[in-house]
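Atoms considered below: every heavy atom in the structure, side chains included; atoms not considered: hydrogens, waters and symmetry mates.
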Amino acid sequence: MKEWRENSVMKNRWPAAYKIIDELERAGFEAFVVGGAVRDFVRNAPVNDVDITTNATPIEVKAIFPHTIDVGIEHGTVLVVSDESIEVTTYRSESTYSDFRRPDEVTFVRTLKEDLQRRDFTINAMALTKEDELVDYFGGRQAIEKGIIQAVGNPQLRFSEDALRMLRAIRFSAQLNFSLEPNTLDAIRALHAHIAHVSIERVKVEMEKIWLSDFPFKGMELFVDSGLSSNFPGDWEGRLKSWADFCSFNVKANGWAYFTLLQSDVKVNELLNYYKCSNEEKRHVKNVLEAVHSLAKGTWTTDELFQFSEDVLSVAYFFGNSVLSKEITEPFELLLKRKRSIPIASKKDMVVNGNDLMEWANDKRGPWIKEVLDRLTSMIVNGHIKNDRQEIKGWFSHEYLH
């Protein structure tokens, strides 16, 4: 293993995990790092979360460590709180999956191989000892070397157990730029309708991970080719090639903005409600769409440059060049320069507010205040009046008090 490992030994690399495994072994149990941490370690990629599996039962784990939290004890998982918190899960096997998502029953087992064979893909079914020895019963390392996503054992059985695994396979393909092993892809094509058993919240998370990945177009192609897209509202196939130009700018909501831009004759809010987008996400999508549609008319007015944030403008400019039939000729740098030359960045920067207007007019609050402030904002933004209290008061007196 030393010929391909570039990281330091586990004791230095993941000291908290090493310590937990060492204490479990001292108590007479087996323990290994498993899952995504092992996959990314083999790939020499950064590792975020480290998980441990052991033949010790949750009760035995809790007896060894003074500070634990029962985060999923019914499924064998205990959070061991040490220098950092790490989930420790007992070897387990799973029974039937009546709802195509969760096992009807979890049974604790005593061998690592039994535990690993229930996992989704070979790249996620490896284990690592505290001495960095790889345990690979199902060819995970070879799959990584070949760049393929392959189900552990019978793919139809794996996807019948948990239908979300079909979408996870595509997500991993997009994240890692791996291909789907033919039998695994065929199984998804055969069982794609089972994705309907998965909550839309879980589907949304996987879609967003595809869009945030380095190869979103690869994910979208597989999403359509596998048949999974046919189970969800919206036109996924009609403008599939447009996803080749997509970039998320590392913002999840930009995927939903691009998706809605590619739709025709659709009520955007209803679509976003179906996919359980938050109010904040819907506001972001609305702003991006409005900015793109404004850009389609030619270029942004000064009022529009003021209305949208720089983040929204940059995304809308990029999306507009991808989706609109006309080319946007004005360089974005010039548009940004125009925006930054606007005297105020937001309405909060105005030196007067509604209370000032009521005092000057000796009038009570009402819709007229918003009308005046909106007009005043546009005048300041376009340079027709300075953001100066005395100048604004003079203008207001002339326009509204005579």
Side-chain angles (χ1 to χ4, degrees), residues 1 5 7-42 46-97 99 101-138 140-141 152-153 158 161-162 164-165 168 202:
M1 183 170 169
R5 176 170 53 78
N7 297 314
S8 60
V9 295
M10 188 186 294
K11 188 172 186 178
N12 300 323
R13 186 178 64 251
W14 306 326
Y18 181 93
K19 182 179 178 181
I20 291 172
I21 292 174
D22 187 57
E23 291 194 38
L24 283 165
E25 289 181 346
R26 288 175 183 275
F29 299 104
E30 297 176 352
F32 304 84
V33 170
V34 287
V38 183
R39 176 195 68 231
D40 293 335
F41 174 74
V42 172
V47 173
N48 296 318
D49 297 324
V50 176
D51 296 320
I52 292 172
T53 190
T54 178
N55 60 348
T57 66
I59 299 301
E60 290 167 333
V61 172
K62 288 165 68 68
I64 295 170
F65 299 97
H67 188 185
T68 62
I69 302 173
D70 297 348
V71 294
I73 196 165
E74 69 278 7
H75 296 119
T77 302
V78 173
L79 189 71
V80 175
V81 181
S82 181
D83 299 327
E84 62 182 87
S85 299
I86 295 179
E87 288 189 357
V88 177
T89 303
T90 303
Y91 298 163
R92 70 190 198 198
S93 65
E94 295 161 350
S95 61
T96 56
Y97 290 67
D99 63 357
R101 183 68 190 97
R102 298 174 184 82
D104 298 326
E105 184 181 359
V106 171
T107 304
F108 297 147
V109 295
R110 286 290 181 176
T111 68
L112 176 64
K113 187 173 184 179
E114 287 178 280
D115 179 84
L116 295 177
Q117 71 185 10
R118 70 174 173 82
R119 296 174 183 262
D120 51 8
F121 309 112
T122 59
I123 62 170
N124 296 332
M126 298 179 288
L128 201 66
T129 70
K130 74 176 192 294
E131 290 80 20
D132 283 351
E133 295 172 355
L134 187 68
V135 180
D136 182 14
Y137 297 112
F138 306 104
R141 177 178 170 184
V152 175
R158 294 287 83 79
E161 291 169 345
D162 182 353
L164 185 64
R165 287 172 172 169
R168 280 169 53 84
R202 300 300 298 272

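Looking at heavy atoms from C-beta onward, Trp14 lies in side-chain contact with Val47 at the 4.5 angstrom threshold. Between Thr77 and Val71, the closest side-chain pair of non-hydrogen atoms falls below 4.5 Å. When side chains are defined from C-beta on, Leu134 counts as touching Leu128, because their heavy atoms get closer than 4.5 Å. Two residues are said to be in side-chain contact when any heavy atoms from C-beta on lie closer than 4.5 Å; Thr129 and Phe32 meet this criterion. Inter-residue side-chain proximity for Met10 and Ile21 is flagged as met; some heavy-atom pair is nearer than 4.5 Å. Using a 4.5 Å cut-off on side-chain heavy atoms (C-beta onward), Glu23 and Phe65 make contact. Between Thr53 and Leu112, some side-chain heavy-atom pair lies under the 4.5 Å cut-off. Residues Thr89 and Asp51 are not in side-chain contact: their nearest non-hydrogen atoms beyond the backbone lie 4.5 Å or more apart.
Here the side chain of Thr54 pairs a donor or acceptor atom with the backbone of Glu30 at under 3.5 angstrom.
Here the closest non-hydrogen pair linking Val61 and Ala56 is CG2-CB, 3.8 Å. Residues Phe29 and Glu60 approach most closely at CE2-OE1, 3.4 Å, considering heavy atoms. In terms of heavy atoms, Val34 sits closest to Ala127 at CG1-CB, 3.8 Å. Closest heavy-atom contact between Met126 and Asp136: CG-OD1, 3.6 Å. What you find for Val109 and Arg92 is that their closest heavy atoms are CG2-N, 3.6 Å. When all heavy atoms of Gln117 and Phe138 are compared, the closest pair comes out as CB-CZ, 3.3 Å.
Between the side chains of Arg39 and Asn124, a donor-acceptor pair is found at a separation under 3.5 Å.
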- prompt: What do the steps show when you test Lys62 against Asp70 for salt bridge (charged side-chain N to carboxylate O under 4.0 Å, His left out), and what is the final call?
  reply: CA-CA 9 Å; Lys62 288 165 68 68; Asp70 297 348; 2.9 Å; yes

- request: Show the numbers, then the answer: is there a salt bridge (charged side-chain N to carboxylate O under 4.0 Å, His left out) between Asp132 and Arg13?
  value: CA-CA 11 Å; Asp132 283 351; Arg13 186 178 64 251; 2.9 Å; yes

message: Please evaluate residues Arg158 and Asp162 with respect to the criterion salt bridge (charged side-chain N to carboxylate O under 4.0 Å, His left out), reporting the C-alpha separation (whole Å), side-chain torsions for both, the decisive distance (0.1 Å), and the verdict.
response: CA-CA 7 Å; Arg158 294 287 83 79; Asp162 182 353; over 6 Å; no

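Atom NZ of Lys19 is surrounded by 12 or fewer heavy atoms from other residues, nucleotides or ligands within 6.0 Å.
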